[in-house]
Amino acid sequence: MTLRFASFGIGLSLAFSVQAQPSAIRKDTPVSKPSASTATTKAPTTPAKPAATKKAASAPAKPAIAKAQPPLPGNLRSSDQNTRYQNGKLLIEQGRYELAMQELQPLTVPSAKFKRAPEAAYLYAVAATRAKKWAEAEQMLNLLRSEYPTWPALAEAYFLQGQISFEQGEVDNALRVLGQIPAGKLETERTALKATYLPRIKDKALFQNMVRRYPQDATLATAYADKLVLGGWYTEADKAQLEQLINQFSLDRTRYSPRVRPQKKSSYNVAVLLPFELNDPSWEKQRKLQFVTDLYAGMRLAQDSLQREGRPLQLFAYDTGADTLQLKRLLAMPELAAMDMIVGPVYKSGSKLLARFALEHQIITINPLSQDAELVLDNPWHYLYEPSSVTQARQAAQFAYNNFPGRTAVVLYEDNKDEKAFGETYKTTYEALGGKVQVLRRINSDVDESLAQGFAGIDLKTVGHLVMASEGRKAGPYTLGLLQTQGARLPLITFASWLENARISMEQLDARDVYLVYPHYLDKTAPGVRRFRQLYLQQQHLPPSVFSSIGFELLYYFGSRLHEYGSTFQNQLANSGPVSGTLFQGIGYPAGGHDNQYVPITKLERMEVEVLNPVDGR
């Protein structure tokens, strides 16, 4: 959603292993417990190798051309007020928000006697909002409302204040401020803003309180009804209130009729939607999809383990193929809507499709490999097994702040969606804790000039730590070489995929203070890991891959939750902390998170593994 303020020309974007037998899995008919047989052990060519499954669920990012920064205005801090005003607008368009704030601030105070002072104050607040400097934005909006109460576009200031309050989780204040906008102004924008932020409320009691405080707010009422019915919050105690909301706001009774299901069952049905592509038995295709059969073989072993523990699951495997057409045909089958849980798929386009299906049919769905936080945004029925790029960045920043003595950082990130999310979230989190990211730059590691530009003008000996958010094959060697050239010994945070880069030796990593964000770290000496390997070898006559381990951990964890809480376990996960995983360091979805909040940080020195506790940061 974009708000255009025509008189300024500024657009304010709101934040808002084993081969399965061909006869066992068919495109149109599920079977319980499909069998598996031996296949090659070589790692698949796609998606990425075990330590780099970060990109498994999405198509590889196309190499980007190195982008030069637009030139700065040549007359910054001019004594001419109109020049400074125009500079501020240009700097906002360029994304240089802090510089824009510096240009605009002197123009905002009444003593400056600038005829466009209200506009300058509003633009300052826009820049501060985009820079996530909430306190500065609020302070300026307060000045704008108190000093320029007759400004014709004051509704814009209230609207922006509402967004800032939503961003900070101050729902009551956001609704109160938005209610101060005169009737008839920004009605569509206000509705869209509330519809964007209200579904993100994780606290049912808070939501109930807001509904009581603002009983005539139709958008609020609809969002709460969505949470009750589609979000898994509904209990019998909510029946009267839901009925009242349906009648008061003329809600669709068909949509807001909760799906009736038993609290507990003796056995649960789980659909597994993966691209087995059994219509192409060629060696090349099956080798490419080895990760899929490994993933499924791990699930089958978890199914056996749960069965032995008296917690049976029935697995129904479906071949989604490589395109969304086959997935759409599968989702039209009535039995899919009757499943207790769904696992899959692995390709990005299918992931979005299945996420919508999960929400519409109120079935918990687990994506096994994606790390895209947007897939689970505002969708209480969709979970990522993996920690998202955003969660990894947030936990890594907290780890750095708690463990590194310096309080400054340089963050470089690869020019694609996942790494951009990592870099920007890292900066936001680290600075919210009290640190300072001195440089945040985008790079394209396939272009040598872009790598050089990324490090241009940075003396790494004066920096607290460095973050290189790139899985590019050139990024690691270049970074390590530059550290050696500059004689810099600062801590370095990067991804575990560097372990698989043939151009980087273990000695290079071990010789430096390198920390790896490593969601798939396995302690091979742990009893659970050794037992899993033993059972897998007995069953498959092959050692397990990381995908086999993911399949096992995913189904064992979520299958256990089904038997513990039933098929609507969102609230229980939100109110529980992380637990020790059977194979991996940990797994958990506390505080309403819909991706795994547990992120191991691995330090190669003496092969020690230091794991960030997502609860207290230690």
Side-chain angles (χ1 to χ4, degrees), residues 16 166 169-172 174-175 194-265 268 337-342 354-367 373 375-384 558 561-577 588-597:
F16 8 87
F166 271 131
E170 298 171 355
V171 181
D172 188 22
L175 294 174
K194 288 187 285 187
T196 297
Y197 284 96
L198 289 173
R200 301 180 188 180
I201 299 175
K202 308 296 184 184
D203 187 333
K204 183 178 179 180
L206 171 63
F207 222 141
Q208 286 178 318
N209 187 40
M210 292 302 100
V211 172
R212 286 193 293 267
R213 286 178 63 85
Y214 303 94
Q216 303 306 316
D217 193 319
T219 308
L220 177 65
T222 302
Y224 184 61
D226 283 338
K227 280 287 191 178
L228 287 176
V229 179
L230 304 179
W233 283 4
Y234 181 82
T235 67
E236 277 300 308
D238 299 306
K239 184 176 181 179
Q241 185 180 27
L242 179 59
E243 182 68 20
Q244 183 263 323
L245 294 176
I246 291 172
N247 292 331
Q248 180 181 352
F249 296 99
S250 301
L251 302 181
D252 184 350
R253 188 170 295 278
T254 302
R255 173 181 172 85
Y256 293 104
S257 296
R259 177 181 174 186
V260 179
R261 53 184 114 196
Q263 186 71 19
K264 295 284 188 69
K265 296 170 62 176
Y268 292 89
M339 290 290 169
D340 297 302
M341 190 171 76
I342 299 174
L354 190 53
R356 289 195 296 270
F357 181 89
L359 183 61
E360 291 169 3
H361 294 273
Q362 302 171 40
I363 302 173
I364 288 179
T365 298
I366 318 299
N367 189 297
L375 286 176
V376 294
L377 186 65
D378 302 334
N379 190 337
W381 296 92
H382 198 198
Y383 285 86
L384 304 183
F558 283 103
R561 303 293 82 77
L562 281 174
H563 277 279
E564 187 175 2
Y565 303 122
S567 57
T568 55
F569 50 66
Q570 295 96 322
N571 287 342
Q572 288 84 355
L573 291 194
N575 294 322
S576 63
Y589 298 81
H594 278 250
D595 63 306
N596 188 3
Q597 301 292 296

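The minimum heavy-atom distance linking Leu242 with Ala225 is given by the pair CD1-CB, 4.1 Å. The two atoms that bring Gly593 and Tyr383 nearest to each other are O-CE2, 3.9 Å, heavy atoms only. A pairwise comparison of heavy atoms in Pro590 and Gly577 identifies CB-CA, 4.1 Å as the closest pair. Annotation for Ile364 and Ser567: closest pair CD1-O, 3.6 Å, computed over non-hydrogen atoms. The heavy-atom pair separating Ala574 from Gly592 by the smallest distance is CB-N, 3.4 Å.
Arg561 forms no cation-pi arrangement with Phe558, by the criterion of a distance under 6.0 Å to the ring centre and an angle within 45° of the ring axis.
The side chain to side chain contact (heavy atoms under 4.5 Å, CB included) check on Val376 picks up His382, Leu384, His594, with sequence neighbours excluded. Not counting sequence neighbours, Asp203 has no partner by the salt bridge (charged side-chain N to carboxylate O under 4.0 Å, His left out) test. In this structure, the side chain to side chain contact (heavy atoms under 4.5 Å, CB included) partners of Arg253, at least two apart in sequence or on a different chain, are Glu243, Ile246, Asn247, Ser257. Under the side chain to side chain donor-acceptor pair (under 3.5 Å) criterion, Tyr234 pairs with no residue at all, not counting sequence neighbours. In this structure, the side chain to side chain donor-acceptor pair (under 3.5 Å) partners of Arg255, at least two apart in sequence or on a different chain, are Asp226. In terms of the side chain to side chain contact (heavy atoms under 4.5 Å, CB included) criterion, residue partners of Phe249 (sequence neighbours excluded) are, by chain and number, Ala218, Ala221, Leu245, Leu251. With sequence neighbours excluded, no residue forms a salt bridge (charged side-chain N to carboxylate O under 4.0 Å, His left out) with Lys202. Evaluation of the side chain to side chain donor-acceptor pair (under 3.5 Å) rule for Gln244 yields Gln248 as partners, not counting sequence neighbours. With sequence neighbours excluded, the residues forming a side chain to side chain contact (heavy atoms under 4.5 Å, CB included) with Glu170 are Glu138, Ser165, Gln168, Asn173, listed by chain and number. Phe357 is linked by a ring-ring contact (aromatic ring centres under 6.0 Å, His included) to His361, counting only residues two or more places apart in sequence or in another chain. Taking the side chain to side chain donor-acceptor pair (under 3.5 Å) definition, one finds that Thr235 meets it with Asp238, sequence neighbours left out.
Panel note: side chain Lys265, backbone Gly566; no donor-acceptor pair is recorded below 3.5 Å. Of the possible donor and acceptor atoms, one in the side chain of Gln597 sits under 3.5 Å from a partner among the backbone N and O of Asp595. Although no hydrogens or angles enter the test, the distance criterion places a donor-acceptor pair under 3.5 Å between the side chain of Gln570 and the main chain of Pro380. In this structure a side-chain-to-backbone donor-acceptor pair under 3.5 Å is present from Tyr214 to Asp172.
With rounding to the nearest 0.5 angstrom, the NZ atom of Lys194 is 3.5 Å from the CG atom of Asp217. The CG atom of Leu198 sits 5.0 Å away from the CZ atom of Phe207 when rounded to the nearest 0.5 Å. Between atom CZ of residue Phe166 and atom CD1 of residue Ile201 there is a gap of 7.0 Å, rounded to the nearest 0.5 Å. Leu175 contributes atom CG, which lies 7.0 Å from atom CE of Met210 (distance to the nearest 0.5 angstrom). Atoms CG and CD1, from Asn367 and Ile342 in turn, are 12.0 Å apart once rounded to the nearest 0.5 Å. In this structure, the separation between CE on Met341 and CD1 on Ile363 is 11.5 Å, given to the nearest 0.5 Å.
Between Tyr224 and Leu220 there is no side-chain heavy-atom pair separated by less than 4.5 Å.
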Test side-chain contact (heavy atoms from CB on, under 4.5 Å) applied to Asn379 and Arg356, step by step: CA-CA 8 Å; Asn379 190 337; Arg356 289 195 296 270; over 6 Å; no
